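One structure below.
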Amino acid sequence: MALIPRLYTCQIFQSEMASGLQCNANSMMISLRPKVEVVCYSSFVRSAKRRQQGLRLEFPGAGRGRQVTVAASPPAEDTTVLTEPLTKEDLVAYLASGCKKKEQWRIGTEHEKFGFEVKTLRPISYEQIATLLNGIAERFEWDKIMEGDHVIGLKQGKQSISLEPGGQFELSGAPLETLHQTCAEVNSHLYQVKAVAEEMGIGFLGIGFQPKWALKDIPIMPKGRYEIMRNYMPKVGSLGLDMMFRTCTVQVNLDFSSESDMIRKFRAGLALQPIATAIFANSPFTEGKPNGFLSMRSHIWTDTDNNRAGMLPFVFDDSFGFEAYVDYALDVPMYFVYRKKKYIDCSGMSFRDFLHGKLPAIPGELPTLVDWENHLTTIFPEVRLKRYLEMRGADGGPWRRLCALPAFWVGLLYDEISLQSVLDMTADWTKEERQTLRIKVPVLGLKTPFRSGLLRNVAEDVLALAKDGLERRLCKEAGFLNEVTEVVATGKVQLLSINFGGCTNVGLKCILSTTPTSQLGFKHESKRKQKICSRLPFPIHREVKFMARIQTNKQPFHSDIIYVGLNKESIIPVLDDCIQ
């Protein structure tokens with residue numbers, strides 16, 4: 001997802017801000033006026049422009065139009081013919097071209113979720129996903145993205161839906177001006193997915209790691225780049241295939257105004273990424289049992305491929321800037337090159353060699369900026385630099401958290417006072433302390449020891465800075481952090497808290513093992529409800545329709561405790577409550 005300046009004008013009727021944005025805390029009605037100017041570069045000396053009209057950010061009830069099918073392509077759609085070789089200076093200039101004036105800063109959110117069959121709880125196959133994609137395209141005016149004969153994604157304006165290697169369903173959102181728009185986009189997407197998936201008997205779960213099924217049970221998506229990655233991953237780490245097929249994340253993409261602004265935000269984001277991981281930890285189960293981690297997804301990245309992942313200590317060097325990141329990226333081994341609608345396996349090869357026409361897979365051929373952009377997407381640190389910054393440390397989760405994560409980072413990084421406070425707070429953190437947090441947080445979360453206290457104490461201060469930063473935006477956005485306020489205050493992970501009565505707690509336990517109410521042996525509905533509800537550790541507000549049982553002697557569970565699903569007639573409404 002690219003953050004393009006002046007994507008559209010936005011009005012949310014009420015008090016006017018200096019940037020021209022208008023916010024209304026009462027109605028939160030959003031008016032989007034499409035207006036796009038995309039600038040594409042064949043090189044930064046030889047630039048060419050392309051203007052495109054008609055961005056659509058769809059909401060329920062929108063009119064229908066003509067469908068379009070587009071061929072699969074790299075992340076950047078523009079192909080280039082070079083008249084002279086790219087240089088390292090071109091690659092540096094590419095990153096620098098992301099600098100934008102503050103009034104042009106936008107918020108991008110990407111989120112993934114697991115699909116499953118409601119009746120069997122099994123992961124959905126590619127054939128089911130293809131039917132789902134076709135249904136969404138036909139009903140809600142999305143253009144299909146094809147790779148050969150396979151539909152592998154959808155595109156609508158600057159939004160796209162894509163498939164991760166194991167069929168994880170991802171929305172890459174449009175660049176938006178406010179968190180209200182971000183949350184509306186999330187709601188619109190989930191509405192559309194549910195409308196089609198429910199008719200197919202498909203449900204979705206927002207969580208960071210596949211809680212029930214083994215790696216061998218996960219389907220493989222028919223995408224060329226994933227086949228290359230699947231063959232390469234076992235050579236460089238023990239958990240790479242788990243990362244590909246069994247993890248889901250939420251990611252926030254933010255802009256910068258200059259190289260110095262990028263450096264400050266990059267450092268703040270890296271230092272605080274373990275805190276974000278702890279607050280949004282949401283992957284404590286593997287194959288139906290507690291796995292000993294609060295964020296199994298985060299732990300997996302520690303042994304996926306350390307040549308392209310991690311905390312990037314060089315970002316804190318005095319010499320860091322765009323050029324230093326280019327030097328780092330040039331030394332990250334390649335995965336592939338995309339030519340003639342096919343992925344060519346270049347795994348382990350050097351982009352530096354590619355710059356000089358010495359890539360063994362395609363000798364004599366030179367890279368384009370599209371190749372460079374492709375390569376940047378195969379680098380996976382906790383914060384990633386493209387022409388914007390990506391915050392990558394959070395687990396997938398329920399829909400309110402999809403709104404809370406961008407609120408967290410916008411409050412910290414888009415407000416000068418909060419950003420400087422974060423930099424002051426973390427200025428004396430050592431490389432060893434940052435790495436220790438990176439390793440321990442997936443296990444201990446907010447209860448990770450840090451200096452004279454717990455990480456939760458630091459998180460409380462950070463959350464207060466995020467709220468203050470949002471308040472100063474004057475858009476009534478601080479409420480989006482309410483979802484994580486209790487998490488920080490208590491240090492508890494909701495999926496492991498037996499006393500927590502939220503839908504996510506219930507939904508996951510029903511995923512693990514489900515028993516229809518018709519098999520419970522109660523003859524009368526009222527007696528059945530009374531007996532079930534009397535054994536629950538939290539109040540029941542809706543009709544009990546099925547129950548699940550977990551047997552474990554690991555804390556904080558007790559042995560043979562019964563949990564129930566709430567609402568309607570099957571598991572999917574419970575999960576709907578969790579992700580919508």
Side-chain angles (χ1 to χ4, degrees), residues 1-3 95-96 98-99 105-111 172 208 243 247 249-281 295 297-298 300-302 304-317 319-329 331-332 373 375-395 405-414 418-419 422-423 425-427 429 431 433-439 441-442 458-459 462 465-466 469:
M1 193 214 72
L3 300 185
L95 295 180
C99 296
W105 291 354
R106 297 294 181 263
I107 307 163
T109 306
E110 305 180 24
H111 51 90
S172 295
M243 179 280 292
T247 64
T249 188
V250 184
Q251 176 178 305
V252 179
N253 304 329
L254 299 173
D255 285 314
F256 44 80
S257 61
S258 63
E259 183 173 46
S260 61
D261 186 46
M262 178 277 293
I263 294 170
R264 296 169 75 234
K265 288 173 177 172
F266 208 146
R267 289 173 177 170
L270 274 177
L272 296 186
Q273 212 61 219
I275 291 179
T277 299
I279 293 174
F280 293 90
S295 177
R297 182 208 61 84
S298 181
I300 280 172
W301 277 109
T302 65
T304 290
D305 182 350
N306 288 328
N307 286 320
R308 67 184 75 241
M311 291 291 283
L312 305 189
F314 68 89
V315 171
F316 296 87
D317 294 345
S319 59
F320 178 69
F322 291 126
E323 184 176 1
Y325 193 86
V326 167
D327 284 331
Y328 158 72
D331 291 329
V332 172
E373 184 172 354
H375 181 58
L376 292 177
T377 70
T378 68
I379 302 172
F380 309 123
E382 293 296 285
V383 176
R384 180 164 63 185
L385 176 62
K386 296 180 182 175
R387 287 189 285 184
Y388 47 89
L389 285 167
E390 299 177 348
M391 305 294 121
R392 298 171 41 84
D395 285 356
L405 185 70
F408 179 80
W409 287 116
V410 167
L412 293 172
L413 301 187
Y414 272 7
S418 292
L419 175 57
V422 168
L423 293 171
M425 175 191 300
T426 60
W429 292 11
K431 176 178 68 174
E433 285 178 318
R434 292 192 298 268
Q435 184 61 25
T436 297
L437 289 176
R438 175 68 189 88
I439 298 301
V441 159
V458 182
V462 170
L465 291 174

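Note that the structure is predicted; figures quoted are calculated from it, not measured.
A donor-acceptor pair shorter than 3.5 Å cannot be found between the side chains of R438 and T277.
The two residues G269 and M391 come nearest to each other via the heavy atoms CA-SD, 4.0 Å. Pairing each heavy atom of Q251 with each of N253, the nearest pair is NE2-OD1, 3.0 Å. When all heavy atoms of H375 and V332 are compared, the pair lying nearest together is CE1-O, 3.1 Å. Residues A271 and P274 approach most closely at O-CD, 3.5 Å, considering heavy atoms. When every heavy atom of C99 is checked against every heavy atom of S257, the shortest pair comes out as CB-O, 3.4 Å. Listed here is the closest heavy atom pair of P442 and S298: CG-OG, 3.5 Å.
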Could you check V383 against K265 for side-chain contact (heavy atoms from CB on, under 4.5 Å), going step by step and ending with a plain yes or no?
CA-CA 10 Å; V383 176; K265 288 173 177 172; over 6 Å; no
For a side-chain contact (heavy atoms from CB on, under 4.5 Å) check, start with the C-alpha distance between T377 and K386, then their side-chain angles and the critical distance, and finish with the verdict.
CA-CA 8 Å; T377 70; K386 296 180 182 175; 3.7 Å; yes
Trace of the side-chain contact (heavy atoms from CB on, under 4.5 Å) decision for L405 with T109:
CA-CA 9 Å; L405 185 70; T109 306; over 6 Å; no
Begin from the C-alpha positions of F314 and D327 and carry the test side-chain contact (heavy atoms from CB on, under 4.5 Å) through to its verdict.
CA-CA 11 Å; F314 68 89; D327 284 331; over 6 Å; no
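For F280, there are no ring pair (Phe, Tyr, Trp, His ring centres under 6.0 Å) partners, not counting sequence neighbours. Residues satisfying the side-chain contact (heavy atoms from CB on, under 4.5 Å) criterion with E433, sequence neighbours excluded, are W429, T430, F450, R451.
Put simply, the side chain of R308 gets close to the backbone of T378: a donor and an acceptor are under 3.5 Å apart. No donor-acceptor pair closer than 3.5 Å links the side chain of R106 to the backbone N or O of D255. S418 places no side-chain N or O within 3.5 Å of a backbone atom of A466 that could act as its donor or acceptor partner. Within the 3.5 Å criterion, the main-chain N or O of D395 finds no donor-acceptor partner in the side chain of T249. Under the 3.5 Å distance criterion, the side-chain polar atoms of Q273 are matched with a main-chain donor or acceptor of G393. Not a single donor-acceptor pair under 3.5 Å links the side chain of R264 to the backbone N or O of L423.
Ring orientation note: the planes of F256 and F322 are tilted relative to one another, at an angle of 30° to 60°.
How far OG of S295 is from CD1 of I279: 12.5 Å, rounded to the nearest 0.5 Å.
Looking at D305 and M243, their side chains never come closer than 4.5 Å, going by heavy atoms from C-beta outward. Within the 4.5 Å cutoff, side-chain heavy atoms of F380 are placed close to those of R392. Residues L95 and M262 have side chains not in contact (no heavy-atom distance under 4.5 Å, counting atoms from C-beta outward).
Aromatic ring centres of Y325 and Y328: separated by under 6.0 Å.
At least one test fails for R267 against the ring of F320: distance under 6.0 Å to the centre or angle within 45° of the axis.
A side-chain contact (heavy atoms from CB on, under 4.5 Å) with T426 holds for exactly one of I275, V462, L272, V458; it is L272.
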